[in-house]
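Take a look at the structure below.
Nothing fancy with the numbering, it's 1 onward along the sequence. These numbers were taken from a predicted model, which means no experiment stands behind them.
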Amino acid sequence: MKNALPNNPVFLVAPPGLDTSQYRSVLGRVYKDTITFAPKFFSGIAGYNRLMIDSNFYRAFLDYDYILLHHTDAFVFGTDLSQWEDKGYDNIGGPIYEFDGTMNPKRYVCAGQGGLSLRRVKSFHDIGKSSGPYIDTRT
């Protein structure tokens, strides 16, 4: 398996006690560390969604300007993340549309797809520390 991002460290995020040895073996030299979070964050979509807005998740990555969230069912075909980082966006990810009963909904809601998204760590850390939901509707 060829790594499309060979110069970027890879962190695994897992509940405590999960055997990540096979992932570490596949990742080889790019594997940096496994960071664990409470099992409640891995009990389903709702738990995962809570993790993605938890400031503690992003605190673990504050040494980095950006993180690429990359689920195991996503593919990366390019090698240069800096071209996207240079755009200065807080989040680059798949769009979410308001369902209107059709196969091609028209109303864009936000970029929130976490399966493959590039996120500015400090921005998400700050949002996670806020007391309520944050939606920026500026275009």
Side-chain angles (χ1 to χ4, degrees):
M1 175 189 302
K2 185 177 181 208
N3 181 359
L5 301 167
N7 299 317
N8 298 81
V10 174
F11 292 84
L12 298 175
V13 174
L18 182 71
D19 179 8
T20 60
S21 59
Q22 298 233 354
Y23 292 107
R24 293 190 320 263
S25 174
V26 168
L27 291 168
R29 70 173 185 82
V30 297
Y31 169 76
K32 178 84 171 176
D33 198 4
T34 298
I35 301 174
T36 60
F37 294 95
K40 68 180 181 179
F41 292 120
F42 301 93
S43 63
I45 292 172
Y48 173 77
N49 288 341
R50 282 192 306 275
L51 180 62
M52 291 296 98
I53 59 170
D54 190 298
S55 66
N56 292 317
F57 175 80
Y58 297 97
R59 182 178 299 123
F61 301 101
L62 280 173
D63 288 341
Y64 299 90
D65 292 329
Y66 286 91
I67 58 172
L68 178 68
L69 297 175
H70 184 276
H71 293 189
T72 57
D73 63 349
F75 294 95
V76 172
F77 296 102
T79 60
D80 187 9
L81 283 178
S82 65
Q83 68 177 321
W84 296 102
E85 293 169 351
D86 291 345
K87 294 183 183 300
Y89 296 121
D90 290 333
N91 185 37
I92 298 174
I96 295 178
Y97 291 92
E98 182 179 293
F99 182 67
D100 63 7
T102 70
M103 293 296 291
N104 297 301
K106 304 290 185 251
R107 186 171 178 280
Y108 172 80
V109 177
C110 63
Q113 188 57 271
L116 181 66
S117 61
L118 185 67
R119 296 182 176 184
R120 184 188 306 266
V121 176
K122 183 172 179 349
S123 297
F124 275 80
H125 177 259
D126 293 349
I127 290 168
K129 290 190 317 185
S130 70
S131 61
Y134 178 86
I135 299 175
D136 185 349
T137 58
R138 294 176 291 175
T139 56

Kindly indicate whether the side chain of V13, heavy atoms from C-beta on, has any atom under 4.5 Å from the side chain of F42.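 In short, these two side chains touch, coming nearer than 4.5 Å.
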Can you check whether Y23 reaches V10 side chain to side chain, under 4.5 Å on heavy atoms?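 No; the side chains remain at least 4.5 Å from each other.
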Is [X] linked to [Y] within one hydrophobic cluster, defined over Ile, Leu, Val, Met, Phe, Trp and Tyr using a side-chain heavy-atom separation of less than 4.5 Å?
{"X": "L69", "Y": "V121", "answer": "yes"}
{"X": "I35", "Y": "I53", "answer": "no"}
{"X": "Y48", "Y": "F41", "answer": "yes"}
{"X": "L118", "Y": "Y58", "answer": "no"}
{"X": "I127", "Y": "F57", "answer": "no"}

Which label fits Y97 and Y108: parallel for a plane angle under 30°, tilted from 30 to 60°, or perpendicular past 60°?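 Ring orientation, 0 to 90° scale: perpendicular.
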Once you round to the nearest 0.5 Å, how far does [atom1] of [X] lie from [atom2] of [Y]?
{"X": "K32", "Y": "L27", "atom1": "NZ", "atom2": "CG", "answer": "13.5 Å"}
{"X": "N56", "Y": "L51", "atom1": "CG", "atom2": "CG", "answer": "9.5 Å"}
{"X": "T36", "Y": "L12", "atom1": "OG1", "atom2": "CG", "answer": "11.5 Å"}
{"X": "W84", "Y": "Y89", "atom1": "CH2", "atom2": "OH", "answer": "9.0 Å"}
{"X": "I67", "Y": "N8", "atom1": "CD1", "atom2": "CG", "answer": "12.5 Å"}
{"X": "F124", "Y": "F61", "atom1": "CZ", "atom2": "CZ", "answer": "13.5 Å"}

So which heavy atom on [X] is nearest to which on [Y], and how close?
{"X": "S117", "Y": "G93", "result": "CB-CA, 4.0 Å"}
{"X": "G115", "Y": "A74", "result": "O-CB, 3.7 Å"}
{"X": "R50", "Y": "K40", "result": "NH2-O, 3.7 Å"}
{"X": "A60", "Y": "F37", "result": "CB-CZ, 4.3 Å"}
{"X": "D33", "Y": "Y31", "result": "C-OH, 3.2 Å"}

Using the test salt bridge (charged side-chain N to carboxylate O under 4.0 Å, His left out), find all partners of K122 that sit at least two apart in sequence or belong to another chain.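 By the salt bridge (charged side-chain N to carboxylate O under 4.0 Å, His left out) rule, K122 matches D126.
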Evaluate side chain to side chain donor-acceptor pair (under 3.5 Å) for N104 paired with T102, printing each intermediate quantity in order. CA-CA 5 Å; N104 297 301; T102 70; over 6 Å; no
Could you work out, with side chain to side chain donor-acceptor pair (under 3.5 Å) as the rule, every residue matching S21, not counting sequence neighbours?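 Testing S21 for side chain to side chain donor-acceptor pair (under 3.5 Å), a comparison that skips the adjacent residues, returns D19.
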Within 6.0 angstrom of Q83 CD, more than 12 heavy atoms from elsewhere: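 Yes - once you tally the heavy atoms of other residues, nucleotides and ligands closer than 6.0 Å, there are more than 12.
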Any pair counted as salt bridge (charged side-chain N to carboxylate O under 4.0 Å, His left out), so long as it reaches residues 83-109, sequence neighbours left out: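 Of all non-adjacent pairs touching residues 83-109, those that pass salt bridge (charged side-chain N to carboxylate O under 4.0 Å, His left out) are D90-R120, E98-R107.
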